[in-house]
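This report concerns only the one structure given below.
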Amino acid sequence: TMKYLFQAAVIMAVTLAGELMHIIIPLPIPAGIYGLIIMLACLKLRVIRLEHVEETGAFLLEIMPVLFIPAAVGLITAWGELQAMLVPVIVITVATTFIVMAATGWAAQLAMKKGKRDGQ
């Protein structure tokens, strides 16, 4: 159990660093993105080893759908205000979904081509 507490503390420390960067740097970037960048840098530079966060990170990924319940309840309670802009929201959601799918496919193809090139 101490291992899980340590791993959670590491993840929370990186999250706190992301929050602090969000406060200090005046850019419209969410604190979570700063935290993800910090975690990636720490993992790549081996400041934090994967073993230091792997099991707790996997647990957090498993329960991620549960974490969306409060947001869904918030949408339901705000249905009156959202109903007026439902069509634009649906159009934007569908359009951005296709853009993200295309960009992800393009990035995956680039990565696979680069992997084949580097492997030969």
Side-chain angles (χ1 to χ4, degrees):
T1 57
M2 287 301 290
K3 175 173 69 170
Y4 299 115
L5 289 174
F6 173 76
Q7 290 182 6
V10 170
I11 292 171
M12 284 190 280
V14 171
T15 303
L16 176 64
E19 291 288 340
L20 293 174
M21 283 185 69
H22 178 68
I23 292 169
I24 294 169
I25 301 173
L27 293 174
I29 298 173
I33 301 300
Y34 284 124
L36 288 171
I37 292 169
I38 292 168
M39 181 63 84
L40 177 63
C42 287
L43 288 169
K44 284 293 191 180
L45 297 172
R46 301 193 193 283
V47 174
I48 298 173
R49 291 188 318 206
L50 185 57
E51 301 85 48
H52 292 157
V53 293
E54 187 171 24
E55 290 162 342
T56 300
F59 170 73
L60 290 172
L61 283 174
E62 286 178 19
I63 66 163
M64 189 184 299
V66 175
L67 301 176
F68 286 104
I69 291 173
V73 170
L75 286 174
I76 291 170
T77 59
W79 178 249
E81 295 90 33
L82 291 175
Q83 205 168 9
M85 55 183 158
L86 190 60
V87 172
V89 168
I90 290 173
V91 169
I92 290 170
T93 301
V94 170
T96 55
T97 298
F98 283 111
I99 291 169
V100 168
M101 287 171 51
T104 302
W106 178 72
Q109 287 178 343
L110 275 174
M112 288 172 28
K113 286 179 185 175
K114 185 178 180 341
K116 286 180 183 176
R117 239 188 344 228
D118 291 345
Q120 291 179 347

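Numbers here are sequence positions counted from 1.
Follow the hydrophobic side-chain contacts under 4.5 Å out from Met12 and you never reach Leu61; the two are in separate clusters. Side-chain heavy atoms closer than 4.5 Å link hydrophobic residues (I, L, V, M, F, W, Y) into clusters, and following such links, possibly through other members, connects Leu43 to Leu60. A single hydrophobic cluster is not seen to contain both Val10 and Tyr4; linkage of ILVMFWY side chains at heavy-atom distances under 4.5 Å, directly or through other members, places them apart. Ile33 and Ile38 fall within a single hydrophobic cluster, where Ile, Leu, Val, Met, Phe, Trp and Tyr side chains are chained together by heavy-atom contacts under 4.5 Å. No continuous path of hydrophobic side-chain contacts links Val91 to Ile99 [ILVMFWY only; heavy atoms under 4.5 Å].
Atoms NZ and NZ, on Lys116 and Lys113 in that order, are 9.0 Å from each other to the nearest 0.5 Å. Interatomic distance, CG of Leu86 versus CG of Leu82, reported as 8.0 Å (0.5 Å rounding).
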Taking distance alone, no hydrogens or angles, what donor-acceptor pairs closer than 3.5 Å link side-chain atoms of residues 50-58 to residues at least two apart or in another chain?
residue: Glu51; atom: OE1; partner: Arg49; partner atom: NE; Å: 3.2
residue: His52; atom: ND1; partner: Arg49; partner atom: N; Å: 3.3
residue: Glu55; atom: OE1; partner: Lys3; partner atom: NZ; Å: 2.9
residue: Glu55; atom: OE2; partner: Lys3; partner atom: NZ; Å: 3.3
residue: Thr56; atom: OG1; partner: Gln7; partner atom: OE1; Å: 2.9

Show me the donor-acceptor pairs within less than 3.5 Å that the side chains of residues 14-23 make with the rest of the protein, sequence neighbours left out.
residue: Thr15; atom: OG1; partner: Ile11; partner atom: O; Å: 2.8
residue: His22; atom: ND1; partner: Ile29; partner atom: O; Å: 2.8

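Across Thr93 and Val89, no two heavy atoms sit closer than the pair OG1-O, 2.7 Å.
Screening Ile48, Val47, Leu40 for a side chain to side chain contact (heavy atoms under 4.5 Å, CB included) involving Lys44 leaves a single residue, Leu40.
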